[in-house]
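Report on the following structure.
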Amino acid sequence: MLQLQLPDGSIREVAPGTRGRDVAEAIGKRLAQAAIAVTADGAVLDLDRPLPTDKPTLAFRVLTEKDAEALDVLRHSCAHVMARAVVRLFPGTQLAFGPATATGFYYDIDSPTPLREEDFPKIEAEMKKIVEKAEPFERFERSVPEGRALCADMAQAYKVEHIDDELHKFGGLSFYRQGEFVDLCRGPHLPHAGRVGAFKLLSIAGAYWKNDSSRKQLQRLYATAFFSQKDLDAYLALVEEAKKRDHRALGKQLKLFTISPLVGSGLILWMPKGALVRGILESFIKDELVKRGYQPVYTPHIGRLELYRTSGHFPYYRDAQFPPMYSRPAAGALDLCQYRLALGEVDEKKEQAVLDYMKQAHFLPPAYVDAPTQAAKLEAVHQYAVALMKVLQVDLPDYHKATDAAGRSDALLKWLMDQEGFLLKPMNCPHHIHIYKAEPRSYRDLPVRLAEFGTVYRYEQTGELNGMTRVRGFTQDDAHLFVTPEQVEHEMIANMELVLFVLKSLGLNDYRVRVSLRDPASDKYVGDPKNWDIAEATLKKLVQDAGMNYTLEPGEAAFYGPKIDFVVRDCIGREWQLGTVQLDYNLPERFQLEYVGADNKTHRPVMIHRAPFGSMERFMGILIEHFAGAFPLWLAPEQARVLPISEKFTDYGREIEAKLRSAGFRVEGDWRPEKIGAKIRGAQLDKVPYMLVVGEKEATAGTVAVRDRVDGDIGSLTVDELINRLTQEVNDRTIRQVATATADIGDAGAKFAG
RNA sequence: GCUGCUGUAGCUCAGCGGUAGAGCGCUUCCUUGGUAAGGAAGAGGUCAUGGGUUCAAUCCCCAUCAGCAGCUCCA
C-alpha cells in the first residue's frame, strides 16, 4: 500500500496504481471536478497518471485553479493547443520547445511560411475550436528508439535532434496526444483542453534553436492564458499600467533625458531636469564616499591603446568597442589585419564576429568573403596587408620573414605598438591603476581608494540598446581599491554595505544578489586558476556570512575576476545589473602593481572594482520606473509649484517663490491665465511633490494653501512652517510613494519544456 | 548582430496612389476663478533619409538611419 499525506496532515492509504483523479474523487466529488492536476512530493502529475510507488509515503495535494502550479499546467497545455492550431493552419510546421513562463507561454516553431501578426486572429479562432471540443490530453510512453521513430514519422526534425542530443540519456520518452496532435512532451497537462479559460497571442519574435546564436533562428510565438477571461483582462490591464511607467516614456514626458540620432544611438542627453536628479544622486554618493575614506580623482575619456592591450580590454572586447583612433591611417588598416591574423584558426561564431567587425569598419579585403577555407581567408588578409604596406610605405622586414599567421600577427603588433593610437576608454580601471602607480606605495598607505564618476564608451550591439538601461556611453560611479590580501575581506564587506545603503536609501528593496563565478568549461578568463579559486571562495563566504539571499551563477564573472552583482527588475520584468563589487587578482599582475610590506619587501596588492549605482544612466532609468517619475522630495527636479488662484495674486506668488528659492528649494510658478483646477492638474501630471495655492485668503494671512501630490489639500501653512516641513522631508530623504506593481512580462524561466 | 514590426505637427496617434488630419501642448485674445481640463482665434509638417516604379508617391518596391518586441551579447 501507498501512504498519502494530505495537506491537512491526514494520511490516506491507496493501492499501487492509483491515479490522482481516484484520490480526488475519494475525497470529494466537487474536488474531483475542480481538480487540474496533483502534486506528489512536490512534483506535478497529470490526474490520470498512476502515483509513483518508489517511496512508501508521499506528500499529496490536489491542484485546483487557485494553485499557482495549476496555472503553469494550464499554460503549458495551451501551448500545445496553440501548436496544434498552427500545425493545422500551416502544414509542414516543425515544432521545437513550448514551455510555460512566469506570465504565459511560448512555442518555438519553424514554419515553411513564416507566421505574421496578422495571422493571430486566425490562429486564435482555431485554438478556440480546439478548446471548445475539450478533447483530453492523453499521455503515452515509448522507448527511445520507438519515440525517435515516431518523431521522425511526424517529420519533427527538432524533436528528433533533441532526442539525439539530450533525451536519449533517459530510459524512455513520453508523448501527449490530443486528437490528431501528438507532441513529445514531459507534461504534465490539463485533463482536457476545455479547462483553458482564456488565452491571447501576444507577439512573435526570433529565437535561436537551443538559444545558440550559431544555430538556426526559429519563430517564437508568445502568448498567455488564464483560467478566466477576468484574470486575462486583469493581467493585460496590469501590463498596460506598467508600460506607462516605462522610463523611456516618462523620461520624454517629464523632460528628463533625450536621445538624438544625430548625436548617436545609445548616447544619453541629460536634459536639465534629469541632470538635476543625477547631480543630487552624485553628491549623495560622493558625501558617503568621503566619509568612507575614498579619494576622488579625475581622468580623461581616452587612453593609449597600449594601456588597454596591457589590461586586456582592447583585444578581449575588440568588437564591442568603438574603433581605435590611430594618427596614421595606415595603422588603422593594418590593425584590422593584425586582429584577423592574430585570431588564426577560429570557430564559426568568432569567424562571423570578425566578418561583422570588418564590415562595420568598412574593411573587407578583396577575396576575403568568398574565401572557402580559414587558410584562404588568412591568405587574403595577408595579401591585403602586403599591398597596404607597399602603398603606405611601411617597411616591416619581420613581417616578410614570417611564414605563418601568428608570426605575421606578431610582426604587425610590434609595429602597431609603436604607433600612436587611442581608445575611448571602455573601463576606468587602467587610468586609476596609473594613479596608483604614480607614487611608491607602502603597506601603511593601503587601502588606497580612488573614486571617480568615470564615463566609459562601449559599442553595444544595435539590438541591445534600450533607453537609459543599455547605452553606448555611460558614467560609472566607479572606484578602485588597492588593498593587501589581508584587507580584502574587510573592504569587500564595506563595499557590499555601501551598495545596500544606496539601495535602501532609495527604497529599492526588490533586488536579488548574484554571485558571478567563472564558467569552468570556458577559456575566456585570464589569470592563475589558484587566484580565481581564492577570489570565488572569498565571495561565497562573504554573502553567506552576510546572510544574503543569493544565487551562484557560473559563467557570469568578468574575464578578470568574479563579482557580486545586485540585480533589479524594470517595470516590464526585465532584469538589470545595478550595483557590483568585483574582486580582481589579475590586473595587479598585468600592470605589475606593488607596495612595500612591513618586511621591506615588495608585494602585489589586490584590486576591488565597485560601483554601487552601476551606471548613472541605468540607475536613473530604473529609478524613474521605481518612482513612476514621482521622485521623493529630495530628488524631485521641481519640488514645489506656486499656483495663484488668479493673476491678481501673481505678485504674492512671486514673493513665495523667491522666499523658498532663497531657502534652497527648487520652485517654479504657474503664471498662466488658467483656472486653479487646470493648474493643479498640470502640476499633478508633472509629478510635482507640493503645490502651493495662493489667493485672497493666503495673501491676506501671509500663508500658502499646501496641496500634497499624494494626500491632496493639507491646509494652510506659513512660509516658515512650510520651509521647516520641506527641510525635514529633504533631510530625512523620505520616500512616500513607490510604484509597486511590476508586470512580470519577463521570462523568469521555462516551467515545463517540450 | 539576427528575426519581425514601426517611423505622419513639440507629444499621442488617425489617414490615403491625385501634394495632409484630430486631441493635447504652444502663441494671442476674452475670462480672474479656491484644489485634476473655462472659451475663442492662430502658428506649426520636404509625411525619417536616399534611390526606384508610376502621368502622379506620404502611401507601392529597394537601401540606409532610427525606434519597438524577442533572441544572442554585456568589462
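Since the structure is predicted, the reported quantities are computational estimates derived from the model, not experimental observations.
- When the C1' atom of C11(B) is taken as reference, atom NZ of Lys244(A) falls 16 Å away, rounded to whole Å.
- Closest approach to the Ser203(A) side chain among A69(B), U35(B), G1(B) is made by A69(B) (side chain taken as heavy atoms from C-beta onward).
- Minimum atom distance to the side chain of Ala205(A) is reached by A69(B), of the listed A36(B), A69(B), A37(B).
- In the set A36(B), C11(B), G34(B), G34(B) carries the atom at the smallest distance from any side-chain atom of Lys697(A).
- Two residues, Asp246(A) and Ile204(A), neighbour RNA chain B, and the one matched to the more 5' nucleotide by heavy-atom proximity is Ile204(A).
- Nucleotides G17(B) and C61(B) are separated by 13 Å at their P atoms, to the nearest Å.
- The side-chain tip of Arg220(A) points at the ring of Tyr106(A) from less than 6.0 angstrom away and within 45° of straight on.
- For Glu674(A) and G25(B), the CD to P distance is 8 Å, given to the nearest whole Å.
- Ring to ring, His609(A) and Tyr560(A) are close: their centroids are under 6.0 angstrom apart.
- Each of Gly677(A) and Leu218(A) was matched to the nucleotide of RNA chain B holding its nearest heavy atom; the match closer to the 5' end belongs to Leu218(A).
- Contact annotation: Arg248(A) does not reach the phosphate of G67(B) (side-chain N/O to OP1 or OP2, under 4.0 Å).
- Pairing for A41(B) goes to U27(B), judged as Watson-Crick or G-U wobble with the two contacts each under 3.5 Å.
- In this structure, Trp209(A) atom CH2 and U3(B) atom C1' are separated by 17 Å, rounded to whole Å.
- Ring stacking holds between Tyr317(A) and A75(B), with the centres under 5.5 Å apart and the planes within 30 degrees of each other.
- Salt bridge annotation for Arg512(A)-Glu575(A): present, with a cationic side-chain nitrogen under 4.0 angstrom from a carboxylate oxygen.
- Residue Asn586(A) contributes atom CG, which lies 13 Å from atom C1' of A75(B) at whole-angstrom precision.
- Whole-Å rounding puts the Arg220(A) CZ to C2(B) C1' distance at 13 Å.
- Of the nucleotides present, G52(B) is the one that pairs with C60(B) by Watson-Crick or G-U wobble criteria, both distances under 3.5 Å.
- Looking at Tyr459(A), its side chain has no donor and acceptor atom pair within 3.5 Å of the base of G1(B).
- At a threshold of 4.0 Å, the pair Arg309(A)-Glu306(A) does not count as salt-bridged, since none of the basic side-chain nitrogens sits closer than that to a carboxylate oxygen.
- Within the structure, a side-chain polar atom (N or O) of Lys524(A) is placed less than 4.0 Å from OP1 or OP2 of C74(B).
- Between the side chain of Gln217(A) and the base of U72(B), no donor-acceptor pair of N or O atoms lies under 3.5 Å.
- Atom name P, nucleotides A37(B) and G42(B): the rounded distance is 26 Å, in whole Å.
- When distances are taken from the side chain of Glu464(A) to each of U35(B), C71(B), U31(B), the shortest belongs to C71(B).
- Here Ile676(A) lies in heavy-atom contact (under 4.0 Å) with sugar-phosphate atoms only.
- OP1 or OP2 of C71(B) has not a single side-chain nitrogen or oxygen of Arg215(A) nearer than 4.0 Å.
- Rounded to whole angstrom, the span from the NZ atom of Lys243(A) across to the C1' atom of C13(B) amounts to 16 Å.
- Annotation: Phe97(A) is in aromatic contact with His162(A) [ring centroid separation under 6.0 Å].
- Within the shown strands, A69(B) is the pairing partner of U3(B) under the Watson-Crick or G-U definition, both distances less than 3.5 Å.
- A56(B) and G4(B) have their P atoms separated by 32 Å, given to the nearest Å.
- Looking at the side chain of Ser213(A), the nearest of the listed nucleotides U72(B), C73(B), G70(B) is U72(B).
- Closest to the Ala678(A) side chain, of the nucleotides U32(B), G38(B), A75(B), is G38(B).
- Annotation: G45(B) and C5(B) have their P atoms spaced 32 Å apart (nearest Å).
- A donor N or O paired with an acceptor N or O is not found under 3.5 Å between the base of C74(B) and the side-chain atoms of Arg472(A).
- Here the side chain of Lys675(A) is nearest to one of G33(B), G70(B), G67(B), namely G33(B).
- The base of G33(B) is not paired with the side chain of Glu696(A) by any donor and acceptor separated by under 3.5 Å.
- For A75(B), there is no paired nucleotide, since no Watson-Crick or G-U wobble pair has both relevant distances below 3.5 Å.
- Between Asp119(A) atom CG and U3(B) atom P there is a gap of 19 Å when expressed in whole angstrom units.
- In terms of phosphate contacts, Asn466(A) brings a side-chain nitrogen or oxygen within less than 4.0 Å of OP1 or OP2 of A69(B).
- For U19(B) and G23(B), the C1' atoms lie 25 Å apart once the distance is rounded to whole Å.
- Under the 6.0 Å distance and 45° angle rule, Arg472(A) counts as a cation-pi partner of Tyr459(A).
- Although no hydrogens or angles enter the test, the distance criterion places no donor-acceptor pair under 3.5 Å between the side chain of Arg215(A) and the main chain of Tyr208(A).
- Distance, Lys687(A) NZ to A36(B) P: 16 Å, rounded to whole Å.
- Annotation: cation-pi geometry satisfied between Arg318(A) and Tyr339(A) (NZ/CZ under 6.0 angstrom from ring centroid, within 45° of ring axis).
- Dashed line: the shortest gap from a side-chain N or O of Lys252(A) to OP1 or OP2 of U12(B) is under 4.0 Å.
- Comparing the same atom, C1', in U32(B) and in G67(B) gives a spacing of 45 Å after rounding to whole Å.
- Nucleotides U58(B) and A9(B) are separated by 14 Å at their C1' atoms, to the nearest Å.
- Proximity of Asn211(A) to the phosphate of U72(B): a side-chain N or O atom is located under 4.0 Å from OP1 or OP2.
- Within the shown strands, nothing qualifies as a pairing partner of U32(B) under the Watson-Crick or G-U definition with both distances less than 3.5 Å.
- You won't find any donor-acceptor pair under 3.5 Å spanning the side chain of Glu117(A) and the base of C5(B), going by distance alone.
- With hydrogens and angles ignored, a donor-acceptor pair under 3.5 angstrom links the side chain of Glu647(A) to the base of U32(B).
- Phosphate proximity of C5(B) to Arg116(A): present, with a side-chain N or O under 4.0 Å from OP1 or OP2.
- Within the nucleic acid shown, Glu556(A) has no heavy atom closer than 4.0 Å to any nucleic acid atom.
- The phosphate of U3(B) (OP1 or OP2) has no side-chain N or O of Lys216(A) nearer than 4.0 angstrom.
- Taking the C1' atoms as reference points, C16(B) lies 24 Å from C24(B), given to the whole Å.
- Below 30°, between 30° and 60°, or above 60°: for Tyr308(A) and His431(A) the angle between ring planes is between 30° and 60°, a tilted geometry.
- Closest to the side chain of Ile572(A), out of U35(B), A69(B), A75(B), is A69(B).
- Shown here, C47(B) forms no base pair; nothing in the strands shown gives a Watson-Crick or G-U wobble contact with both key distances under 3.5 Å.
- Checked against side-chain contact (heavy atoms from CB on, under 4.5 Å), Thr700(A) has the following partners two or more places apart in sequence or in another chain: Glu696(A).
- Judged by Watson-Crick or G-U wobble contacts below 3.5 Å, the nucleotide A9(B) has no partner.
- Closest approach to the Ala207(A) side chain among C71(B), A36(B), G38(B) is made by C71(B) (side chain taken as heavy atoms from C-beta onward).
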